[in-house]
Amino acid sequence: MTGTTLRTICVYCGSSIGREASYAEQARLLGTTLARRGYGLVYGGAQIGLMGIIADAVLEAGGKAVGVMPKALLEKEVGHSGLTEFHVVESMHDRKALMAELADGFVALPGGIGTFEELFEIWTWAQLGFHRKPCGLLNVAGYYDHLVAFLDHAAAEGFVKEAQREMLIVAESVDELLARFERYMPPPVAKVIDRQET
Ligand code: AMP
């Protein structure tokens with residue numbers, strides 16, 4: 001039994017391709033795997049960087065790719081013209097809200113500030129109990145090693161609860177990531193504030 005039925009996966013990833021070839025390779029593999037397993041993709045709608053690569057891989061494998069882009073970014077991020085669905089929204093906030101609504105799980109691939117912000121926001125919403133969907137990152141070529149070490153440090157220092165830290169799935173391969181998403185069980189009650197500590 002899983003906590004949520006997975007049909008559509010939201011992927012946050014770089015609007016750049018990064019330095020290592022494996023970032024693009026794994027973005028392509030994730031896209032192909034999603035399509036072959038019948039999962040739809042929701043993402044930021046761009047044709048550039050890892051964003052464009054994963055969308056192309058999904059479409060080439062016969063899958064469904066849905067983009068969500070704010071008006072103001074349409075030119076800058078080069079909207080993908082071949083998507084299954086393309087939603088143009090008013091603001092960044094609307095973009096993230098619609099992506100969150102359309103998806104049943106959230107994955108961060110390597111990326112920059114935009115990717116970090118999106119991942120942290122959706123993980124925050126999980127710890128607050130606003131949704132019960134799996135959140136994780138694909139640690140391609142150790143890209144997120146330092147972040148994961150810092151998150152463990154934050155937990156060890158008492159600023160992140162162990163249960164909250166464990167909500168973020170860290171996987172080293174596409175297969176591991178999807179297997180863990182499929183069996184994800186959200187914690188029964190998301191505990192945000194420990195009254196004894198206040
Ligand atoms: P990046 O990881 O910085 O290459 O950006 C990846 C995606 O995140 C792009 O579609 C950006 O438009 C988006 N993005 C950038 N900044 C933000 C932000 N503050 N909030 C939400 N999304 C953002």
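Ligands are counted one by one from 1 in listed order, and the atoms in each one are counted from 1 as well. Since we're looking at a predicted model, the values are computed, not measured. Numbers here simply count residues along the sequence, with the first being 1.
Among protein heavy atoms, the minimum distance from atom 23 (C) of ligand 1 is reached at Met92 CE, 3.5 Å. Regarding atom 6 (C) of ligand 1, its nearest protein heavy-atom neighbour is Cys13 O, 3.2 Å. For atom 13 (C) of ligand 1, the closest non-hydrogen atom of the protein is Arg95 NH1, 3.5 Å. In this structure, atom 22 (N) of ligand 1 lies nearest to the protein heavy atom Glu118 OE2, 3.4 Å. Nearest non-hydrogen protein atom to atom 18 (C) of ligand 1 is Glu117 OE1, 3.6 Å.
Here Ala46 has no heavy atoms under 4.0 Å from ligand 1, in either its backbone or its side chain. The parts of Thr115 lying near ligand 1 are both backbone and side chain, judged by heavy-atom distances below 4.0 Å.
Atom CG of Leu147 has more than 12 heavy atoms from other residues, nucleotides or ligands within 6.0 Å.
Atom numbering of ligand 1 starts at 1 in the shown order; those under 4.0 Å from a heavy atom of Gly14 are 2 (O), 4 (O). Near Leu73, meaning under 4.0 Å from one of its heavy atoms, ligand 1 places the atoms 12 (O). Short contacts between ligand 1 and Lys96, defined as distances under 4.0 Å to a heavy atom of the residue, involve ligand atoms 20 (N), 21 (C).
The two atoms that bring Asp104 and Arg7 nearest to each other are OD2-N, 2.8 Å, heavy atoms only. The minimum heavy-atom distance between Cys135 and Ala126, with the atom names listed, is SG-CB, 4.2 Å. Shortest non-hydrogen contact noted between Met51 and Tyr43 is O-CE1, 3.3 Å. The two residues Val170 and Arg180 have their closest heavy-atom pair at O-NH1, 2.9 Å. In this structure, Leu109 and Tyr144 approach most closely via the heavy-atom pair O-OH, 2.8 Å. Counting all heavy atoms, side chain and backbone alike, Trp123 lies closest to Gln164 at NE1-O, 3.0 Å.
With Thr115 contributing its side chain and Cys13 its backbone, the two residues share a donor-acceptor pair below 3.5 Å.
Separation of atoms CD (Glu176) and CG (Leu138) is listed at 8.5 Å; rounding is to 0.5 Å.
Where the criterion is an N or O separation shorter than 3.5 Å, residue side chain and backbone included, Glu77 meets it with respect to ligand 1. Remark: ligand 1 and Met51 share no N or O pair separated by less than 3.5 Å (distance only, no angle test). Residue Gly114 places at least one N or O, backbone or side chain, under 3.5 Å from an N or O of ligand 1.
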